Protein chains: 2
Amino acid sequence: MNSVLTTSDEILASARTLITSGGYNGFSYADIAKVVGIRKASIHHHFPSKVDLVRTLVIRYRQDAEVGIAALEQDAPDPLELLKTYAGHWAKCIEDASRPFCVCALLASELPALPPEIAGEVKAFFRFLSTWLTSVMERGSREGALSLSSQPRVEAEAFMASVHGAMLSARAYGTPEVFPAILAPTLQRLSPTVAQ
Amino acid sequence: MNSVLTTSDEILASARTLITSGGYNGFSYADIAKVVGIRKASIHHHFPSKVDLVRTLVIRYRQDAEVGIAALEQDAPDPLELLKTYAGHWAKCIEDASRPFCVCALLASELPALPPEIAGEVKAFFRFLSTWLTSVMERGSREGALSLSSQPRVEAEAFMASVHGAMLSARAYGTPEVFPAILAPTLQRLSPTVAQ
DNA sequence: CTCTGTCTACCTTCTGATAGGGAGGCTGTC
DNA sequence: GACAGCCTCCCTATCAGAAGGTAGACAGAG
């Protein structure tokens, strides 16, 4: 028992970092063992199989997102502000290289090769994110806080795709600034036109 | 020597399919051997190492894209039409599940864990695609065939991000229709406004 | 005879996983 | 208080299979 972080939390944290960098098949128990400072076998005590580990990780990831978003909605309920904050969150993560990619976005790219238990959780994350964004778009449209040119659902999917694609580009170019540069016009377009 | 396809071409083709599904670490020489109907050792005759194989694959992929795009520009030089055709190409590939993901987009997602020789080629593909899209945006803006709300370069990056993000969503949901649904508003927005 | 393409056989290292044991901490009973 | 029993956590040792890769032989074509 560590005072600040459980061993199983440390395992999950390093697994997230490793997945973020190379995907499901891009890391091994040996890699985690090295980072956490523990033996391979000890990881199996906490997570019997790799599938258990990653499934737990994805579920936890979604739960954290749910909590974070709920807090966000309370702090700044303005739809446009919510979208900006969401994009800003990722811009910051990419810039300081702390979590430069969404775990689920990466796992989704290799979805066909993923164990079904994990694939299901990844899909659930996408549904969750899409549902939230759709609700933000709907509310923004209703309140006049967002100017939509399509149905809320479509706008939500397009926004999510922009974020994921921008993450990819930032990684491909190796330049974090690309992310906000891509998102800026999208957010601009969603802003209610202040007169003409 | 096969009458229609070289063995090395068959190897490259099956490698592309396998990478498209599970990424660089998601396939092995054994997998290719099974598909092509050859022994592992024979693959090493054509491509000494896995890095050789995938680097060749990515280079070939970019060359094919260059040729395809050059042909496209000759057939239909209208900028908006070019973008629609490009998006339509992927929509078709995703729909008939023939090549439901861009190899380089997938490899880019695991870029930090990729052998540097391959990472370099993937980056080169992104630069190439971005350069082409920027040129299309520039020309479209000059000719009035596209209505841009940002600089051509930014519009190009945003378009590319939308395409990649939409691919990811189509894969995550398992519904091909998502791709064109996301791209439609983007293309709509780029269309020159026919009056009000 | 040589070159190309394939084969069998083998090697090394890594991978996820298991068995079994030991140290330490709680808890209930005498 | 002492002790037994159990639980948690980590260890060493080991495994079977898959990974990427090599060596050397053989068949056919030029």
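Below, chains carry the letters A, B, ... as their sequence lines are ordered, and counting in each starts from 1. All of these numbers come straight from a predicted model, not from anything done at the bench.
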Subject >> Below 4.0 Å: OP1/OP2 of D/dC11 and any side-chain N or O of A/Ser42 >> reply: yes
Subject >> Side-chain donor/acceptor of B/Lys40 to base of D/dG20, under 3.5 Å >> reply: yes
**OP:** Round to the nearest Å and state the distance from A/Lys50 atom NZ to D/dG17 atom P.
**Re:** 19 Å
**OP:** Output the single nucleotide from C/dT15, C/dT6, D/dC9 whose closest atom is nearest the side chain of A/His46.
**Re:** D/dC9
**OP:** Rounded to the nearest angstrom, tell me the gap between atom CD in A/Glu10 and atom C1' in D/dC10.
**Re:** 14 Å
**OP:** Can you spot which of A/Arg127, A/Arg62, A/Arg60 makes a salt bridge (charged side-chain N to carboxylate O under 4.0 Å, His left out) with A/Glu121?
**Re:** A/Arg62
Original post:
What is the nucleic acid contact for A/Phe47, judged by heavy atoms within less than 4.0 Å: base, sugar-phosphate only, or nothing?
Top reply: nothing
**OP:** Indicate yes or no: at least one non-hydrogen side-chain atom of B/Ser149 is less than 4.5 angstrom from one of A/Arg189.
**Re:** no
Original post:
Given atom CZ of B/Arg39 and atom C1' of D/dG24, what is their separation to the nearest angstrom?
Top reply: 17 Å
**OP:** Counting heavy atoms from C-beta on, name the nucleotide in D/dC10, D/dA19, C/dT15 closest to the side chain of B/Ser28.
**Re:** D/dA19
Original post:
Rounding to a whole Å, what distance do you find between B/Asn25:CG and C/dT15:C1'?
Top reply: 12 Å
Subject >> Note, B/Phe27 side chain near B/Ser14 side chain (heavy atom, < 4.5 Å) >> reply: no
Original post:
Is there a side-chain contact between B/Leu111 and B/Leu114 (heavy atoms, below 4.5 Å)?
Top reply: yes
Subject >> Phosphate-side-chain proximity, B/His45 and C/dT6, N/O vs OP1/OP2 below 4.0 Å >> reply: no
Original post:
How long is the line joining CZ of A/Phe27 and C1' of C/dC14, in whole Å?
Top reply: 15 Å
Original post:
What is the distance from CD1 of B/Ile43 to P of C/dT4, rounded to the nearest Å?
Top reply: 20 Å
Subject >> Per A/His44 side chain, nearest of listed nucleotides D/dG21, D/dC10, C/dT18 >> reply: C/dT18
Original post:
D/dG20, C/dA19, C/dC7: which one has an atom nearest the side-chain heavy atoms of A/Ala41?
Top reply: C/dA19
Subject >> d(CD1, B/Ile38; C1', C/dT4) in whole Å >> reply: 12 Å
Original post:
Does a side-chain heavy-atom distance below 4.5 Å link B/Val154 with A/Ile182?
Top reply: no
**OP:** Taking only the side-chain nitrogens and oxygens of B/Thr7, find out if one of them lies under 4.0 Å from OP1 or OP2 of C/dT6.
**Re:** yes
